[in-house]
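What follows is one structure encoded as structure tokens, with my remarks underneath.
Predicted, not measured: the structure shown is a model, and the values here were computed from it. Heavy atoms only: backbone and side chains are in, while hydrogens, waters and symmetry mates are out.
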Amino acid sequence: MATGESEEHRKLSLKIAGIFDDVRTSHATHIRKLKELAALRSSSPTEFCSAFCQALTALFNFQRRTAAAERIIKFASIFSCSYGRKGDCSDEFLENFLKFLLVSAVAANKTARFRACQIVSEIIMRLPDDAEVSNELWDEVIECMMLRVGDKVSAVRVYAVRALARFANDSENSDILKLFLEKLQLEQNGEVRKTIVLSLPPSSETLSMIIDCTLDVSESVRKAAYCVLASKFPLQSLSIKLRTTILQRGLTDRSAAVAKECLRMMKDEWLDKCCSGDPIELLKFLDVETYELVGESVMATLLKAGLVKLQDGQILRNFLSLMVTQVKARSIFSNFCKMIVKFMQLFAKAMVSEIFGHCNNSIELMDPEAALFWRMVCKHLQMEAHKKGSDAAMTMGAESAVFAEEASDNNDLLDMILPASISEYVELVNAHVAAGPNYRFVSRQLLLLGAMLDFSDASNRKVASEFVQSLFHKALDHELDDNGNEVVIGDGFNLGGERDWAAAVAELAKKGRAIDPVEILHSLLLPGAKHSNLDVQRASIRCLGLFGLLERKPSENIVKQLRVSFVKGPPTITIMAAKALLDLGIWHGPDEMDKAMNCNLSSQLRHHKMLLTPVEFCNGTEDLDIEFLDLLYAGLEHDWGDFVEVEENQSVQGILGEGLAKILLLSNKFPGSHASTYHLLLAKLISLYFSSENEELQRLKQCLSVFFEHYPSLSADHKKCISKAFVPVIRSLWPGVNGNVVGSTVMVSNMRKRAVQASRFMLQMMQVPLFVKETTKPDDKRSENPDVDTDPSPDFESGEEGLAIRIALENTCLAPISVSEQGTIKLMRRILNRVMVSVAAEKDLTKELRQMAERLKAIDRHPDEKLSPSKLI
């Protein structure tokens, strides 16, 4: 009997396995095979479940996720759900099958756990609501799947989360939602995080987590976050801050797929469903006055995607006559109200109410959303016309004609939208400006719109110039506080009280050429540099520096004003003037800065003096007639201890030191007359670098450490400059020399140590190899291009030999030879003669050696007598 039942069970299992084998090849056979499998279940209800599980067990050992295996999983899940209706034996089968899957879900084999969770998730997602499954069994399923969410295999976790997704909406299963939110923050696998995000129900608690996922490192998670926001969170349920955050992140995402998903959400769910396809209505949900950049990004994306369609007759000119009429009506209304209040207070309320109601019947001024909309539309049309015009110029034939036609259509549409003339445009802007601060945003959008108008006609430029001049002289808006005091709206410094308004006016002035650059210099910048307010002075000096960078050669007015501000101004002004002077000096060169003064300038640096005549800064009467580098050097030597004010942790000495280091680094570009003074500038920087600890110079020392690392390896001239600077540096650091103050024994010892450190440091710089140019050629091609520097060989003076000679000459000057030492004198003369022959090409060294030789010859009693060989030993 048992043998017969076993045989029947085996045959049933083989039939089911045959059906599985048939459905793995194609979905087309699934409907027919579902009926066959249902017939088998009806014929053997008691044996069917175990045979079904046995036939399916082979799949639990198959790890690869092939299409055939996925078809079998789908088929088994559909069969378990579709026929599990009330009154059918299939309900019992479903429960038994789920119990089998729960056992497999906790198996040691990871493939078995994966397949079990996969089938459970498919069944739960497909199961109809009226399926008869006991609550106890569902509790077991939920408990098992919650346990599998922590499985070590990511694929198991994915399907465990998917299985629990349907229960997360139930308030009775709040522990599932809590588990999801906890795992979302800790999960390392991107696919699992994606599944969790897709499974989260809509609520205020999950919203913040989903929005945080828009910054996830995984592209699929970010895309899933926008998909959930689109399907589960209506536009009205989100705050303005959240709407703008979502769009700002999505439209600028680095992944094109994520940006496309965000665009789909914005178009299908927000624009079409909530705003009836009207972009202006969508902008109203974003508060463009506060989040202007987000509004610009939204409009640019919609225009690029071709989702903005202008309705018939929808042009900007329609606002013109209505705007002017309304402003006049409001002005008449205001004056009339004052008369009513003054003469007939009893009847004022009735009259005001009547007139106010009449004014509301007229068309209102342009909304902020409409203003931004039209500006972005016009900007897009202008850019497209320019792009198509360029494409037409770069192509030929029919293709060029098509591009030219598209460019012409865009230009025609732009001309139709914009006001017909500059005068009408000015009236439109003035109407909104006169409407008060509430229309400040709209007025600024219209100002930016003016950059797209045609200013080629002289009459148009005249109208634009008068309009811009009126904007320049417009008083700052203000309001009254509780005490009746006038409070300026905005920062009170920028034109119009805010930076964005000033930028808009500047764009219009630039486009319409409303003011000449020379007029800006003489009527605005130079007077501003002499203003009594220090903030105005600083801003004007900064603008003067920028203005000078735009000139082909620095102008006399700019250079003189910057030098005067550098010498006469307080430390904050001196800092800004120093920055401007250094920028111009690096850009144009020190010689050009001296030529711009148009007068004879003196220089103590040219006479190789490191101790210059002190300049009285911050209280000087006039600028000194000294050269550019002398002035900066004087500022570097000045004691700024009485002026502790610094800007952005920078002192005057720090700024000057960094600027002079840049000039030395680029000294090969300035081969003029100042080249002979560069070693003194370098000596000063090295002395500052090895000076005593000073908090204000810490930033400068950090900058100089990088400068000294690269300076000697760039050019042989730089090494020659180091060689020349060696002796002045040691003189400036050694105690008791060049007026250095000598104090206690400890102080003298420290000064000597710093001098020794500086000497070693400079010697190391002399030993740094030069950079080999990247234009080096192979050996077989060197003769073809003899100008290429493939083997840089520095001259004698830039090497250690030249440095040794300078040190020897200095020692000779410091310790003169006695006349009685005739043998030493003759030996020195003989050595000098040979050295002069070897360095004959070096004019500076030869000059110094010749002077030394003449001094030795003067104290030689028998200059014509040669030194005997016996005295050489």
Test: [X] and [Y] ion pair at under 4.0 Å:
X	Y	answer
Lys99	Glu95	no
Glu182	Lys178	no
Asp22	Lys33	yes
Lys273	Asp268	no
Glu292	Arg444	yes
Glu289	Lys284	no
Arg222	Glu261	no

Verify the neighbour count for atom [atom1] of [X]: are there more than 12 heavy atoms of other residues, nucleotides or ligands below 6.0 Å?
X	atom1	value
Glu70	CD	yes
Gln248	CD	no
Glu281	CD	yes
Gln188	CD	no
Lys232	NZ	yes
Lys388	NZ	yes

Do [X] and [Y] have side-chain heavy atoms sitting under 4.5 Å apart?
X	Y	value
Glu47	Ser50	yes
Arg10	Leu14	yes
Ile123	Leu94	yes
Val120	Tyr159	no
Val308	Met299	yes
Val217	Arg193	yes
Leu238	Phe285	no

Would you say [X]'s side chain and [Y]'s backbone share a donor-acceptor pair under 3.5 angstrom?
X	Y	answer
Asn189	Val192	yes
Asp216	Asp212	no
Ser297	Leu293	no
Arg24	Ala69	no
Ser42	Ala38	yes
Ser276	Asp278	no

About how many Å separate [atom2] of [Y] and [atom1] of [X], when rounded to the nearest 0.5 Å?
X	Y	atom1	atom2	answer
Ser204	Met209	OG	CE	13.0 Å
Arg41	Glu36	CZ	CD	14.0 Å
Leu283	Leu271	CG	CG	9.5 Å
Cys262	Leu247	SG	CG	5.5 Å
Thr111	Gln118	OG1	CD	11.5 Å
Glu269	Ser231	CD	OG	7.5 Å

- Message: Taking salt bridge (charged side-chain N to carboxylate O under 4.0 Å, His left out) as the criterion, tell me which of Arg71, Arg115, Arg162 meets it with Glu122.
- Response: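 Exactly one candidate clears the test, Arg162.
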- Message: Against Asp151, only a single residue in Arg157, Arg113, Lys110 fulfils salt bridge (charged side-chain N to carboxylate O under 4.0 Å, His left out); can you say which?
- Response: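 For Asp151, the salt bridge (charged side-chain N to carboxylate O under 4.0 Å, His left out) test succeeds with only one of Arg157, Arg113, Lys110, which is Arg113.
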Exercise: identify the closest heavy-atom pair between [X] and [Y]:
X	Y	answer
Ala230	Met265	CB-CG, 3.4 Å
Tyr291	Leu286	CD1-O, 3.5 Å
Asn169	Pro202	OD1-CD, 4.4 Å
Leu263	Ala305	CD2-CB, 4.2 Å
Thr25	Asp21	CG2-O, 4.2 Å
Ala55	Ile16	CB-CG2, 3.8 Å

- Apply side-chain contact (heavy atoms from CB on, under 4.5 Å) to the pair Cys275 and Trp270, showing each step before the final yes or no. CA-CA 6 Å; Cys275 304; Trp270 293 11; 5.6 Å; no
- Task: Report the C-alpha distance between Phe167 and Ile124 in whole Å, list the side-chain angles of each, state the deciding distance to 0.1 Å, and finish with yes or no for side-chain contact (heavy atoms from CB on, under 4.5 Å).
- Result: CA-CA 9 Å; Phe167 303 102; Ile124 293 176; 3.8 Å; yes
- Would you please test Thr214 and Arg249 for side chain to side chain donor-acceptor pair (under 3.5 Å) and show each step? CA-CA 7 Å; Thr214 58; Arg249 294 177 181 177; 3.0 Å; yes
- Task: Say whether Thr206 and Ser203, considering side chains only, have a donor N or O and an acceptor N or O under 3.5 Å apart.
- Result: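 Note: Thr206 and Ser203 side chains meet the donor-acceptor criterion.
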- Item | Sequence-distant partners of Leu147, side-chain contact (heavy atoms from CB on, under 4.5 Å), two or more places apart |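 Scan of Leu147 (side-chain contact (heavy atoms from CB on, under 4.5 Å), adjacent residues dropped) gives none.
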- Query: Does the pair Leu251 and Met266 meet the rule for a side-chain contact (heavy atoms from CB on, under 4.5 Å), with working shown?
  - Reply: CA-CA 10 Å; Leu251 297 179; Met266 181 175 64; 4.3 Å; yes
- Are the aromatic ring centres of Phe62 and Phe114 under 6.0 angstrom apart?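 No.
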- Where at least one partner belongs to residues 14-59, residue pairs that pass ring pair (Phe, Tyr, Trp, His ring centres under 6.0 Å), sequence neighbours excluded: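 Matches after skipping sequence neighbours: Phe20-Phe52, His27-His30, His30-Phe75, Phe48-Phe52, Phe48-Phe79, Phe48-Phe93, Phe52-Phe79, Phe52-Phe93, Phe52-Phe97.
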- Check the pair Val442, Leu365 against side-chain contact (heavy atoms from CB on, under 4.5 Å), reporting the backbone distance first and the verdict last. CA-CA 9 Å; Val442 179; Leu365 292 170; over 6 Å; no
